[in-house]
Amino acid sequence: MNTLLQRTLPLLVVAVIIVLLYYPLMIWANSPVAQRSLETGADIGCKTVSECVYMLRNPVIPAPAQLGEGIKSLTIPPLAPTSAPYNALVTLGEAIVGLALASAVGLLLAILLVLSGSFERAVLPWLVASQTVPIIAIAPMLAVILGQYGVQGWFPKALIAAYIAFFPIVIGVSKGLKSPDPLQLDLMKTYNASRVQVFTLLRFPASVPFLFTALKVASTAAMVGSIVAEISTISFSGIGKMLAENSRASDTIALWVIMFYGALLGIVLVALINLLERMVAPWRATRS
Amino acid sequence: MASYSVMKENRPQASRAWISWTLVLLAHLVLFFISYTLNQQQGVSQKLLLQIVTVLSLFVGLTAVGLVAQNRRDFIPAALLFTVSVLFVEAMLRVNEVPAGLIPTPSRVVVALYNAREVLMLDVFYTFVLEALIGFVAGIVIGVLASMAVARYKFLELGILPYASIFSSIPIVALAPVMVKAIGLEWPSKAAVVAVTVIFPIIVNVVRGLQSASPLHLDLMRSYGASPMRVFFDVRVPTAMPYFFNALKISTTLSLISAIVAEFFGTTGNGLGFRIQIEAGRFNFDIVWAAIVVASVIGIVFFSLIGALERKVTGWHASYRS
């Protein structure tokens, strides 16, 4: 109990400091905007700058009351096609399907990399190079091309998410499959174990921790992929579509609310993977 | 005697290398020939034949690359894989007469790269120099200062580190539009997005690095009566270096990606992200691909430069001993 307090108290103090800093920061950021809107002489429902910073139509940083109002209007009713929770669920679904596709392809490539030295020498440099490529740049183009071939709706987004997420999985899993030490491999050889047995009994169990670390990296990537795909294609739902729409309409309060939902989504996805890890590999989860 | 046996062992390999090189060359030539002799429309049966030949030469080429890869440990197999794949894509697109507005052939991309070189260079200046690089440096400075404070005070570690690890699981795209709207359409808004995305991996890694100093070394320093400053610079900083460079390498990619994504939400009309989005909307995919090629080359060069710096600074580390 005492250690719990020791752990949570600093977290709370930092949170309180951030909240206390929010007001001065908001007033400082919004003042120039308020000044400018007052000078235009338009009726914006306030007389002085210090009053206006709380009720600007497009604040740089929204006032807490505005933010609360924005969250309420975008959340209720939660399953309406224009509400943030519904769109967040759509994006989450795309990211999860993408992640599943990415895991399948990534696992296959990782096994090939471990099985064949020639395959590794020819392909691995390109996989490593692709890590340094801003893959996100390919998303808008891929989205348009897939649309041309009649692949529309949520599937192209999942495909793009998978395309962006599969590299960390290949690299992570192949490292994991190679992680048994030579002693263990030698032991398997003295038992006259077949290649399949070496994989199922030794290499796969050894790669599980690496798989989950890679999945966590890949999940953020998949989320980014599906959001970017939604921004750059014709889409009717999803966080990305809401971001693009409100960015065009300059509705900053909505942008802030959607940002919070996006953050929540990332955290939920990583938490889901942690849960999965606890179920699949409890020995690993309890150790860390 | 020894040299004789080595020669004898190499013989069969040498002959197989000869065969595989011939096959590689053959595959390249056939694919090249198919690509550059097609000028008029083909009939259906001719098209089918060409498709079969193209796929067959890809298969031969890949098998031959595999054979070459069996006894070469350098970059040549990877380079051959690249040329075979590019030529295959070129041939396949030409045989099937895929319109250039949909998927451009690699040769068109090269032409576009040359024609649009001035625009692309300006885009690179905006995206890489102004946005990614300035944001990268700013993020590193803030991140390193923050992690020094976090490593020094237990209270900050407990209070800030959990937030940092949560923050790193947030998709950056959700942050970009807010920052662009808040700071403005010019390049500083993108540099700010880059800085924010870079800060958190730096903090998480550098703090772990600063804390990973071995207790034995710290005890030794204490027995020397070394000042805290000396301990910090002589023990903690060197131990943190590999972690720091690891974070830097992750950040090179992150900074480019964030700069490009942030440009999707509004710019003053320059930058690779802007170019990619606007030209994808106009179906000018040759320029889009050219921009992607440029972005990739920058990414690879940036990453390699940091890697070279790492080798120079932490060459003593275990991962470079072989």
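First the proteins, then the strands, lettered A, B, ... as listed; each starts at 1. Excluded from the calculations below are hydrogen atoms, water molecules and symmetry mates; all remaining heavy atoms, backbone and side chain alike, are included.
- In this structure, chain A has no heavy atom under 4.5 Å from any part of Phe75(B).
- By number of non-hydrogen pairs under 4.5 angstrom with chain A, the leading residue of Ala291(B), Ser304(B), Gly273(B), Pro177(B) is Pro177(B).
- Summarising the geometry of Trp126(A) relative to Ala78(B), their closest heavy-atom pair is NE1-O, 2.8 Å, with the distance given to 0.1 Å.
- The distance from atom CG of Leu161(B) to atom CG of Leu11(A), rounded to the nearest 0.5 Å, is 10.0 Å.
- Ile267(A) touches chain B through backbone and side chain together, each having a heavy atom under 4.5 Å away.
- Trp256(A) places no side-chain N or O within 3.5 Å of a backbone atom of Val178(B) that could act as its donor or acceptor partner.
- Taking a 6.0 Å sphere around NZ of Lys178(A), one finds it holds more than 12 heavy atoms contributed by other residues, nucleotides or ligands.
- Of the two parts of Thr252(A), only the side chain, counted from C-beta on, holds a non-hydrogen atom closer than 4.5 Å to a non-hydrogen atom of chain B.
- Within a 6.0 Å radius of CZ in Phe82(B), no more than 12 heavy atoms belonging to other residues, nucleotides or ligands are found.
- When the candidates Gly266(A), Ala29(A), Ser118(A) are compared by the number of heavy-atom contacts under 4.5 Å with chain B, Ser118(A) comes out ahead.
- Atom CZ of Phe88(B) is surrounded by more than 12 heavy atoms from other residues, nucleotides or ligands within 6.0 Å.
- At a 4.5 Å heavy-atom cutoff, the contact between Val13(A) and chain B is made by side-chain atoms alone.
- Between chain A and the options Ala79(B), Ala176(B), Ala182(B), the largest number of non-hydrogen pairs under 4.5 Å is found for Ala182(B).
- In this structure, the portion of Ile260(B) lying under 4.5 Å from any heavy atom of chain A is its side chain and not its backbone.
- Between Phe265(B) and Ile231(A) the shortest heavy-atom distance is CZ-CD1, 3.2 Å.
- Contacts with chain B were tallied for Val270(A), Leu243(A), Leu265(A); Leu243(A) has the most, counting heavy-atom pairs under 4.5 Å.
- Minimum heavy-atom separation, Leu81(B) to Ala122(A): CD2-O, 3.2 Å.
- In this structure, CG in Leu255(A) is found 13.0 Å from CE in Met179(B), a value given to the nearest 0.5 Å.
- A distance of 7.5 Å separates CD1 of Ile257(B) from CD1 of Ile164(A), quoted to the nearest 0.5 Å.
- Within the model, atoms CZ of Phe155(B) and CG of Leu9(A) stand 5.5 Å from one another, a figure rounded to the nearest 0.5 Å.
- At a 4.5 Å heavy-atom cutoff, Ala221(A) makes no contact with chain B through either its backbone or its side chain.
- Within a 6.0 Å sphere centred on OH of Tyr22(A), other residues, nucleotides and ligands contribute more than 12 heavy atoms.
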